[in-house]
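What follows is a set of notes on a single structure, which appears directly below.
Atoms within a ligand are numbered from 1 in the order they appear, just like the ligands themselves. Sequence positions, counted from 1, serve as the residue numbers for this chain.
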Amino acid sequence: MTELGIAMVGHAFMGAAHSQAWRVAPRFFDLPVRPVMSVLCGRDADRTRAAAEHLGWAEAVTDWKSVLDRDDVHVVDICTPGDTHAEIAVAALDAGKHVLCEKPMANNVTEAVAMAEAAERAARRGVRAMVGFSYRRVPALGLARELVSRGRLGKIHHVRAQYLQDWIVDPAAPLSWRLDKEKAGSGALGDIGAHVVDAAQFILGDTVREVSGTMETFVSERPLALSHSGLSGTASDRTGPVTVDDAVLFLARFAGGALGSFEATRFANGRKNALRIEVNGSAGSLAFDLEDMNVLQFFDGTEDAAVAGFRRIIVTEPSHPYVGAWWPAGHGLGYEHAFTHQAVDFVRAIAAGTDPVPSFADGLQVQRVLAAVEDSAASRTWQQV
Ligand code: SOE
């Protein structure tokens, strides 16, 4: 096979991010098979056709099920709100299509179990599934993982992880599907908390085993949205309830003994997209902030104390993860590059016949962490994952 036909479902914010990834991946990276942007699926015929033209898809359809028996479609890329992930993913995998699914993988553990089981069945037939935790593919976080796995931090004691945004701090910001439990499963917890859980587990190569958390909804009623695009919208004069959390904080214990503290909020006024992680180990530390995403701070505790200190590594060397395919050193990458790297890794795994990561089993494990945090917040007790 020389071409991999892609069908993408959904064409809003994530659909646009994935489209640029599919467009750009084969132009910058050497790929064993060429992804072809075959068909875009959406609910509204006119809007889907316009989006297909704008984003570069050859065809537009309104029924995602219609792509499942097409021979020119090999991959189904799911960029819809969480309430449809399980149905689409299970049907696509059972139909023999490789599946890339946006995070959080599902809206609850039951759905995630069904998806992980479908992925396991599919893997036996050489059909692959991957979850879109894109930030793993930010070069600085890839370097963080390399430093930890090479033992440069020694035994890990602490992880301090935050995901801070502020796009609904204004009580007049309208309701979007991200504030609706039916559609999104949860609020800050699943939308951005899931990212830091995955990033922390990825960097440590370890899993969260136990959590104690608390959640808050600061604004419980908001104007309905007349229209919505990306993270903003226009408000109507009618209101509706917010049914998800605005913020969540939790403590965690990792299987390997590290202690974690996690915070995810959409009310950190002034913080736009600050995914921050600091890791402290017996031999050193590292720190990352997505608002300065080409930099990884590293403290080597084995250096002479007289000159030791956090160094600011600009992660743009050709030897850094993914960077060799892009620009000369010092010419940084952005948010969208992580999606391109995700597409590249997925295509390479399909071609090599290997299971890509994060797998649906990994997605299920993150889902279990999220559920344990919710149970803990409700019961005010520690919960096992
Ligand atoms: C909104 O909070 C959002 O777009 C998330 O849904 C994405 O996963 C994250 O990458 C940026 O913020």
Residues Arg312, Asp292: salt bridge by 4.0 Å N-O rule: yes
salt_bridge(Lys181, Glu374) N-O dist < 4.0 Å: yes
Where ligand 1 meets Tyr335 - atom numbers and elements under 4.0 angstrom, heavy-atom basis: 10 (O)
Atoms in ligand 1 flagged as close to Lys103, the criterion being non-hydrogen separation under 4.0 Å: 5 (C), 6 (O), 7 (C), 8 (O)
Glu87 and Lys65 ion-paired at < 4.0 Å: yes
Taking atom 5 (C) of ligand 1 as the reference point, the nearest protein heavy atom with its distance: Asp191 OD1, 3.1 Å
Element-labelled atoms of ligand 1 that are located less than 4.0 Å from some non-hydrogen atom of Ile192: 2 (O)
Salt bridge flag under 4.0 Å for residues Asp72 and Arg70: yes
Subset of ligand 1 atoms that lie under 4.0 Å from at least one heavy atom of Phe13: 4 (O)
Per-atom contacts, ligand 1 versus Gln165 - under 4.0 Å to a heavy atom: 1 (C), 2 (O), 3 (C), 11 (C), 12 (O)
Any N/O pair Arg266/ligand 1 closer than 3.5 Å: no
Test: Arg266 and Asp166 ion pair at under 4.0 Å: no
Where ligand 1 meets Tyr135 - atom numbers and elements under 4.0 angstrom, heavy-atom basis: 9 (C), 10 (O), 11 (C)
Those atoms of ligand 1 less than 4.0 Å from some heavy atom in Trp167: 2 (O)
